[in-house]
Engineer: 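Sending over a structure as C-alpha cells; questions will come in a sec.
For ligands, and for the atoms within them, numbers begin at 1 and follow the listed sequence.
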Amino acid sequence: MRRLLFATNNPGKQREIRRILDGLPFEVVFPADIGLALDPEESGRTFEENAFLKAEAFASAAPGLMVAAEDSGLVVPALGGEPGVHSARYGGTRDNEAHNAMLVEKMKGLGEGERNAYYEAVVALISETGERLAVSGRVHGEIAREPKGSGGFGYDPIFFSRELGCTFGEAPAEEKDRLSHRGKALRALRRALEALA
Ligand code: IMP
C-alpha cells in the first residue's frame, strides 16, 4: 500500500486526520511513526505558505514518500486577523488555556457584531514525484464570552458555532468534523487522493 506521511505532531489534528482519511488505499503515517523529529520554522505570512514550508521540509527528509502538511488557525477580523498564523504561539506561549483567556479578555471591549471569527486550514500535498497541490477549508463562528466544553483542542472551547448552538469544545467529534475547516480541507484532500489511487 502507498504511504502518506502526514507531517504533524499535534495529537488533536492527528485524531481528526485518522478519522477523516480512514479507509483510503494509503497507509497514513505520522513523523514519530517513522522516527522523524523535525520542527520546521513556520515563517510564512499565510497558512498556505506555512503548509508548504512544512511539507517541503518533510519531503526532503523522507524522499520517496508522498507528504501532506497542514497549517491552520483562528482569525478574528475585529482584532486585525489575530491570532491568524500565530495561533499556535499566541502571546508567545504554547499554552492553550492562556490563549483562550487572552482572547476572551481582548474581546471584552468589543460589540456583539464584532465577535465573528473563522478557522482556516490549508493542506499542502507533495507527491513522490514532486507534484504539488493545496486544498483548504473555512468555518465561521464567533468567540464565546467564556470557555465551554473539553472536546476538540486549542481554541475549540471558545469557538461558538451558530449552526450547532454550542462551542466546538462541547460538540461531538463527528459534528465538528462535519462543519470544521479541517474536515472540509481533509475531505477535499481525500477526493484528490482517491483520484491518484
Ligand atoms: P499549526 O500547527 O501551526 O497549524 O497551529 C495551528 C494552531 O491553530 C493550533 O495549535 C491551535 O491553536 C489552532 N487551531 C487550528 N485548528 C484548530 C481547531 O480545529 N481547533 C482549535 N484550535 C485550532
Engineer: Could R138 and Y118 be counted as a cation-pi pair, given that NZ or CZ must be under 6.0 Å from the ring centre and within 45° of the axis?
Structural biologist: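 Positive - R138 is close enough to the ring of Y118 and near enough to its axis.
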
Engineer: Specify side chain, backbone, both or neither for H181, according to which of its non-hydrogen atoms lie closer than 4.0 Å to ligand 1.
Structural biologist: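 Contact part for H181 vs ligand 1: side chain (C-beta onward).
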
Engineer: If we only count heavy atoms from C-beta on, is the D33 to F6 side-chain gap below 4.5 Å?
Structural biologist: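 No, every pair of side-chain atoms sits at 4.5 Å or beyond.
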
Engineer: Once you restrict to heavy atoms under 4.0 Å, what part of R89 touches ligand 1? Side chain, backbone, both or neither.
Structural biologist: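 Within the 4.0 Å criterion, R89 makes no contact with ligand 1.
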
Engineer: Return the closest protein heavy atom for atom 20 (N) of ligand 1 as residue, atom name and distance.
Structural biologist: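 For this ligand atom, the closest protein heavy atom is D156 OD1, 2.8 Å.
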
Engineer: What protein heavy atom sits nearest atom 5 (O) of ligand 1, and how far away is it?
Structural biologist: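 Result for atom 5 (O) of ligand 1: A88 CB, 3.5 Å.
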
Engineer: Which residue and non-hydrogen atom of the protein lie closest to atom 8 (O) of ligand 1, and at what distance in Å?
Structural biologist: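 Protein heavy atom at minimum distance: S87 CB, 3.3 Å.
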
Engineer: Less than 3.5 Å apart, any donor N or O on the side chain of E131 or T129 sitting next to an acceptor on the other?
Structural biologist: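 Yes, T129 and E131 have a side-chain donor paired with an acceptor closer than 3.5 Å.
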
Engineer: Non-hydrogen atoms of K13 versus ligand 1: any pair closer than 4.0 Å?
Structural biologist: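 For ligand 1, residue contact (heavy atoms, under 4.0 Å) with K13 is present.
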
Engineer: Using a strict threshold of under 4.0 Å (side-chain N to carboxylate O), is an ion pair present between E112 and R145?
Structural biologist: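 Yes, R145 and E112 are salt-bridged.
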
Engineer: Any idea which heavy atoms bring G44 and N50 closest together, and the distance?
Structural biologist: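 Looking at all heavy atoms of both residues, the shortest contact is N-OD1, 2.7 Å.
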
Engineer: Look at the side chain of H86 and the backbone N and O of G91, then say whether any donor-acceptor pair between them is shorter than 3.5 Å.
Structural biologist: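 Judged by distance alone, no pair lies under 3.5 Å.
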
Engineer: Is there any N or O on E16 that sits under 3.5 Å from an N or O of ligand 1?
Structural biologist: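 It does not: no N or O of E16 is found under 3.5 Å from an N or O of ligand 1.
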
Engineer: Provide the number and element of each atom of ligand 1 under 4.0 Å from a heavy atom of G154.
Structural biologist: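 In order of number, 21 (C), 22 (N).
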
Engineer: Give me the residue, atom name and distance of the protein heavy atom closest to atom 16 (N) of ligand 1.
Structural biologist: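 Of every protein heavy atom, R182 NH2, 2.6 Å lies nearest to atom 16 (N) of ligand 1.
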
Engineer: Are any of the N/O atoms in D71 less than 3.5 Å from those in ligand 1?
Structural biologist: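 Indeed, backbone or side chain, D71 has an N or O that close.
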
Engineer: N/O of N96 under 3.5 Å from N/O of ligand 1, yes or no?
Structural biologist: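 Not met; the criterion fails.
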
Engineer: In the protein, which heavy atom is nearest to atom 15 (C) of ligand 1, and how far is it?
Structural biologist: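 Its nearest protein heavy-atom neighbour is S72 OG, 3.1 Å.
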
Engineer: In terms of side-chain heavy atoms, does D156 have a donor or acceptor partner in Y119 at a distance below 3.5 Å?
Structural biologist: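 Side chains of D156 and Y119: pair found under 3.5 Å.
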
Engineer: Can we say R178 and E174 salt-bridge, meaning some charged N sits less than 4.0 Å from an Asp/Glu carboxylate O?
Structural biologist: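 No, this pair does not count.
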
Engineer: Which of parallel (below 30°), tilted (30 to 60°) and perpendicular (above 60°) describes F159 and F168?
Structural biologist: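 Answer is tilted, since the angle falls between 30° and 60°.
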
Engineer: Would you call G152 a ligand 1 contact, heavy-atom distance under 4.0 Å?
Structural biologist: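 Distance cut 4.0 Å: G152 fails for ligand 1.
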
Engineer: With a 4.0 Å cut-off on heavy atoms, does K176 reach ligand 1?
Structural biologist: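 Per 4.0 Å heavy-atom rule, K176 contacts ligand 1.
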
Engineer: Relative to atom 11 (C) of ligand 1, which among F47, Y119, F159, Y155 owns the nearest non-hydrogen atom?
Structural biologist: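 Checking each option, the heavy atom nearest atom 11 (C) of ligand 1 is found in Y155.
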
Engineer: Show the atoms of ligand 1 that are less than 4.0 angstrom away from any heavy atom in E42.
Structural biologist: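 Once the distances to E42 are compared, the set is 3 (O).
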
Engineer: Apply salt bridge (Lys or Arg N to Asp or Glu O under 4.0 Å) to E27 and R2, showing your working.
Structural biologist: CA-CA 6 Å; E27 184 196 357; R2 261 163 99 182; over 6 Å; no

Engineer: Are V76 and L110 linked, directly or through intermediate hydrophobic residues, by side-chain heavy-atom contacts shorter than 4.5 Å (ILVMFWY only)?
Structural biologist: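 In one cluster: yes.
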
Engineer: Below 4.0 Å from ligand 1: does a non-hydrogen atom of K54 turn up there or not?
Structural biologist: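 A heavy atom of K54 does come that close to ligand 1.
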
